[in-house]
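Start at 1 and go down the list; that is how both ligands and their atoms are numbered.
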Amino acid sequence: MEITITYNFFLFFLLHMCLKCHGCMDKERDALLQIKSSINSPQGTAFPRWYGDDCCQWEGVKCNPTTTRVIRISFQHKRDQSLPELWYPNATLFAQFKDLQELELPGNQIGGLISPNELARLKQLQKIDVHNNSIEVGSHLCWGKIPSLHFLDLSRNKLQGNIPKCLCENLHVKELSLSNNFLIGNIDACLRNMTSLEYLNLSHNSFNASFSLSHFANFSRLSYLDISWNSLEIETESITWIPSFNLSVLNLAACNLKIIPSFISSQRHLESLDLSYNALAGKIPSRVLDNVSKELQLRGNVFIGPFPKPFQNSSQLNGLDISDNCLSGSFPEDLGLNFPELHYLNASWNNFSGRLPPSFVAMKQLLFLELSGNQFHGEIPYGMTSNMSSLEYLGLSQNNLTGDALPENSSLPKLRWLYLHRNHFTGNFPDSLSKSMDLLLADIRETDMSGELSSYLHVLPQIRVLLLGGNNFEGQIPQQLCQMRHLQILDLSRNNLSGGIPKCIDNITSWTNEKPSLNFPREPWTTVELNFKGWSYTFSGSHVSHLYAIDISFNRLTGTIAVQMTQLDVIRSLNLSNNLLTGQIPVTFEKMISLESLDLSRNILSGKVSQELQTLTFLVVLNVSFNNLSGRLPFERQFATFDESSYLGNPGLCGRPLDKECDEVLEGPFFLLPNKDTTYTLLLPSLCASFFLCLEQNARV
Ligand SMILES: *[C@@H]1O[C@H](CO)[C@@H](O)[C@H](O)[C@H]1NC(C)=O
Ligand SMILES: *[C@@H]1O[C@H](CO)[C@@H](O)[C@H](O)[C@H]1NC(C)=O
Ligand SMILES: *[C@@H]1O[C@H](CO)[C@@H](O)[C@H](O)[C@H]1NC(C)=O
Ligand SMILES: *[C@@H]1O[C@H](CO)[C@@H](O)[C@H](O)[C@H]1NC(C)=O
Ligand SMILES: *[C@@H]1O[C@H](CO)[C@@H](O)[C@H](O)[C@H]1NC(C)=O
Ligand SMILES: *[C@@H]1O[C@H](CO)[C@@H](O)[C@H](O)[C@H]1NC(C)=O
Ligand SMILES: *[C@@H]1O[C@H](CO)[C@@H](O)[C@H](O)[C@H]1NC(C)=O
Ligand SMILES: *[C@@H]1O[C@H](CO)[C@@H](O)[C@H](O)[C@H]1NC(C)=O
Ligand SMILES: *[C@@H]1O[C@H](CO)[C@@H](O)[C@H](O)[C@H]1NC(C)=O
Ligand SMILES: *[C@@H]1O[C@H](CO)[C@@H](O)[C@H](O)[C@H]1NC(C)=O
């Protein structure tokens, strides 16, 4: 009995609890529904799951469990992108949540807040995040003073003019980001009194009034400061200035600095320093290396002298970028010992010379090594490739390296990007690459490698971009390629390859399947230089992921153009020029509907340029010159844009755009209607004409 009573009581208690926990306040639920209908107004199609009583459970809503009041509203990309106008939410919508602490609305196509002063009623509001919207006018953000506001992210909007003064009244803000807007004028006038700031990001704007860092001298809590990429002249050497802050991150890239700011030496906790793209000259002082504990970027200055040496024997740096300077001399022998913690080293585009030191082997964590564009000579030391178990990126292009492209028995199991082009290697395709099963991109063009490619090329199962042009490879095009199913860009041009185009080429499913390939390396350092539409382009980052191209020009390939090749319907550029290909241009080219550039010039192709090719509506460059083609040219759609330069050196071709008229008796469409299966239907049954035609047909076979 007692047990039942207790049990009943317990049930009642539970029920009561649940009523309470389901009891999101009616008023706040109504307010949320108003937001919902406002987002895609007038349709109100956002948040299909915002229904039912307990709004605390709704996506993007968080309540205080005790009071059941909404304390956080957070959603992104909810505004329907297809609506022509921006969203101008009335701040009253949000002002109804008395206990709201965090308001996060990034990426919702907000053009501004209407009645922003309403937000000042929210005494608990700590965080406003409206980054990645389209707010242009500062007055849309004038909510007055919100004493509790600590965090304000307005980056990636379209703010113009000066920093809106009203924002600077929020004196307790600790984190402020205004980066990636169009702000102009000066920095300090407005921010001067915001001494609580710990994080300040003003990068990528158009601030143009010269500015002295000394204005921040009293910002004692400042720890992160980014003023990079403005049009500023920054004054750092004011005499009276003693910074009261200890920064952990300082980014002054592209700030027109001519000397390394001397206050940096007073910074004892600096983890990351970026002084890239300034006008810094002279030698790189050791003290900078010693001041920074993790990442130092000095790219794009005019530093001279040798590779910088840390004061202490060994630096703790994880990342060092000294690329694009005028540094010279050879690398220190004990480089690896000086920087044993490096993950990232970029010393490309300097004047370094001499041999590469084997001490790289001491950099056990190295992920990214870029030394292209120097004058290193000699062989790649075994120490650099023998046991680099972390290395994902190796760039040694445009040096004078000799010997094997990779030393024998190299082991680079994590390698994904390999740039070795323009060196003077000898020997075959590097055998040890077979251990790099994750390789995505290999650019080994113009390196003097030779040998029978098909005997040395292993199947690289993940490869997307394989560039082997401009070597002396011989033999057939390797069948192994057909098993590299993710291949997108292949360059075998300017070698000495012979034999036919492999019939298995349509096994490469990335060339026949429109699905964009997953996990394509979109990193900005994915760069590919490519002949495309007759010009040399450099593609990088995500632009490479949409490129599908085959260049096997300048070889000694024979046989006909394999029909299988014409099944590759995502290829955008095909270059088979300067080979010894014979036979006809397959009519099935009409299936290569993505083709923008087709170069079949300087082969021995015969037959006609079929009318069917007019289905190639993206084709902007066509070159079939210097073959043995004949007959009337197509001249509709894209073909009407090609001039005679596309057809030079084919005496048998006729019709527009050439001056030569077609022989009406034989070629005129009035007499002949070519059928798909190439049998001819005669409209005018003239014995003489058909006899002639037979002769002509036989002659071609
Ligand atoms: C914003 O909403 C409030 C309350 O609904 C209303 O009084 C005010 O007029 C609105 N502001 C504008 C500019 O529409
Ligand atoms: C900063 O504070 C001083 C003194 O409190 C005041 O006179 C000045 O107007 C303030 N400046 C700004 C830009 O708010
Ligand atoms: C920093 O504070 C000191 C002492 O409070 C004051 O004399 C100085 O003017 C302040 N500097 C700036 C730039 O506000
Ligand atoms: C900066 O760091 C130094 C050394 O650690 C310390 O003495 C000083 O108090 C710090 N200053 C501030 C404002 O934190
Ligand atoms: C620096 O290197 C030298 C020579 O290799 C050695 O004698 C010295 O002990 C090292 N100093 C430190 C602080 O590691
Ligand atoms: C490669 O490095 C690992 C540790 O990084 C080590 O255990 C192994 O012995 C090394 N192998 C060779 C051949 O040096
Ligand atoms: C190309 O290969 C053939 C043998 O297949 C050889 O006779 C010729 O010399 C090679 N040409 C060049 C430029 O290496
Ligand atoms: C191409 O694919 C076919 C069918 O999947 C297979 O039989 C053939 O062995 C493949 N050829 C090559 C060279 O991979
Ligand atoms: C084809 O490749 C050759 C060099 O191999 C180049 O000169 C030509 O411009 C390329 N054709 C097109 C259309 O890009
Ligand atoms: C060119 O084609 C014609 C037939 O159209 C053929 O008779 C002739 O032999 C070909 N010339 C060459 C060099 O292949």
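- Of the options Ile380, Asp448, Thr402, a side chain to side chain contact (heavy atoms under 4.5 Å, CB included) to Phe425 is made by Ile380 and by none of the others.
- The cationic atom of Arg602 (NZ for Lys, CZ for Arg) lies less than 6.0 Å from the six-membered ring centre of Phe626 and within 45° of the ring axis.
- Counting atoms of ligand 9 from 1 in the listed order, those under 4.0 Å from a heavy atom of Ser553 are 2 (O), 3 (C), 4 (C), 5 (O).
- Those atoms of ligand 9 that come under 4.0 Å of a heavy atom in Phe554, given as number and element, are 4 (C), 5 (O).
- For a threshold of 3.5 Å applied to N or O pairs, the pair formed by Trp535 and ligand 9 contains no separation below that value.
- Residue contacts with ligand 9 do not include Asn623, since none of its heavy atoms lies under 4.0 Å from the ligand.
- Closest to atom 14 (O) of ligand 8 by heavy atom, among Asn507, Ile508, Val459, Leu481, is Asn507.
- A distance below 6.0 Å separates the ring centres of Phe376 and Phe331.
- Inclusion of Arg485 in the set of residues having an N or O under 3.5 Å from an N or O of ligand 8 is not warranted.
- In this structure a side-chain-to-backbone donor-acceptor pair under 3.5 Å is present from Trp511 to Leu487.
- Remark: atom 2 (O) of ligand 8 lies closer than 4.0 Å to at least one protein heavy atom.
- No side-chain heavy atom of Ser646 sits less than 4.5 Å from a side-chain heavy atom of Phe639.
- Considering backbone and side-chain N/O atoms, Ser606 never comes within less than 3.5 Å of an N/O atom of ligand 10.
- The nearest protein heavy atom to atom 7 (O) of ligand 9 is not closer than 4.0 Å.
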How far apart are the C-alpha atoms of Gln483 and Arg485, what are their side-chain angles, what is the distance that settles it, and do they pass the side chain to side chain donor-acceptor pair (under 3.5 Å) test? CA-CA 5 Å; Gln483 293 175 46; Arg485 303 287 168 95; over 6 Å; no

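- A distance-only check finds no donor-acceptor pair linking the side chain of Asp506 to the backbone of Gln564 [under 3.5 Å].
- Taking the ring centroids of Tyr344 and Tyr393, they lie at or beyond the 6.0 Å cut-off.
- Nearest to atom 11 (N) of ligand 9 by heavy atom, out of Leu622, Asp599, Val621, is Asp599.
- Close approach of ligand 8 to Gln483 is summarised as follows: ligand atoms under 4.0 Å from at least one heavy atom of the residue are 14 (O).
- Residue Ser597 has no nitrogen or oxygen atom sitting less than 3.5 Å from a nitrogen or oxygen atom of ligand 9, judged on distance alone.
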